[in-house]
Amino acid sequence: MSEVVKTPGGVLRAQHLKKSGTRPKCGDCGVALSGISSLRPREYASVSKTHKTVSRSYGGSRCANCVKERIVRAFLIEEQKIVKKVLKDQAEKAKSSDKSKK
């Protein structure tokens with residue numbers, strides 16, 4: 001890619017333009033990640049960590065909504081395990097009380 005540019009001497013020259021970088025996308029939903037620089041892949045090696053990530057779990061790879069969904073999903077799964085355990089204990093108590101009555 002090149003663009004015609006007038007130099008200070010008044011001459012028109014072709015100037016090489018680099019490709020612009022695309023914004024990094026969320027790995028789950030594909031939304032562009034906010035707070036992260038849009039650079040060419042090799043340029044990420046020369047910028048500081050603050051340009052490549054945000055201070056949150058899954059900072060540079062997942063968007064905030066997907067992280068929130070993951071946290072809620074994990075919480076609900078744990079709650080479901082606790083409910084199953086409680087129901088199982090109640091069923092065992094009911095069986096043992098039935099046996100003791102007989």
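One-based numbering along the sequence shown.
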Pairs touching residues 2-19 that satisfy salt bridge (Lys or Arg N to Asp or Glu O under 4.0 Å), sequence neighbours left out =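 Checked against salt bridge (Lys or Arg N to Asp or Glu O under 4.0 Å) - neighbours excluded - no pair reaches residues 2-19.
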Please table the atom pairs, donor to acceptor, closer than 3.5 Å between any side-chain atom in residues 81-93 and protein atoms at least two apart or in another chain.
none

Residues sharing V67's hydrophobic cluster, by side-chain heavy-atom contacts under 4.5 Å among ILVMFWY, directly or via others?
->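 Y58, I71, all in the cluster of V67.
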Hey, can you pull the donor-acceptor pairs under 3.5 Å for the side chains in residues 43-52, sequence neighbours left out?
residue: E43; atom: OE1; partner: R40; partner atom: N; Å: 3.0
residue: Y44; atom: OH; partner: S37; partner atom: O; Å: 2.5
residue: Y44; atom: OH; partner: L39; partner atom: N; Å: 3.4
residue: S46; atom: OG; partner: E43; partner atom: O; Å: 3.0
residue: S48; atom: OG; partner: T50; partner atom: OG1; Å: 3.0
residue: H51; atom: ND1; partner: S37; partner atom: OG; Å: 3.4
residue: K52; atom: NZ; partner: Y44; partner atom: O; Å: 3.1
residue: K52; atom: NZ; partner: V47; partner atom: O; Å: 3.3

Under 3.5 Å, which donor-acceptor pairs do the side chains of residues 24-34 form with other protein atoms, sequence neighbours left out?
residue: K25; atom: NZ; partner: R23; partner atom: O; Å: 2.9
residue: D28; atom: OD1; partner: R62; partner atom: NE; Å: 3.1
residue: D28; atom: OD1; partner: R70; partner atom: NH2; Å: 3.3
residue: D28; atom: OD2; partner: R70; partner atom: NE; Å: 3.2
residue: D28; atom: OD2; partner: R70; partner atom: NH2; Å: 3.2

Excluding sequence neighbours, so at least two apart, what forms side chain to side chain donor-acceptor pair (under 3.5 Å) with S61?
->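 S61 satisfies side chain to side chain donor-acceptor pair (under 3.5 Å) with no other residue.
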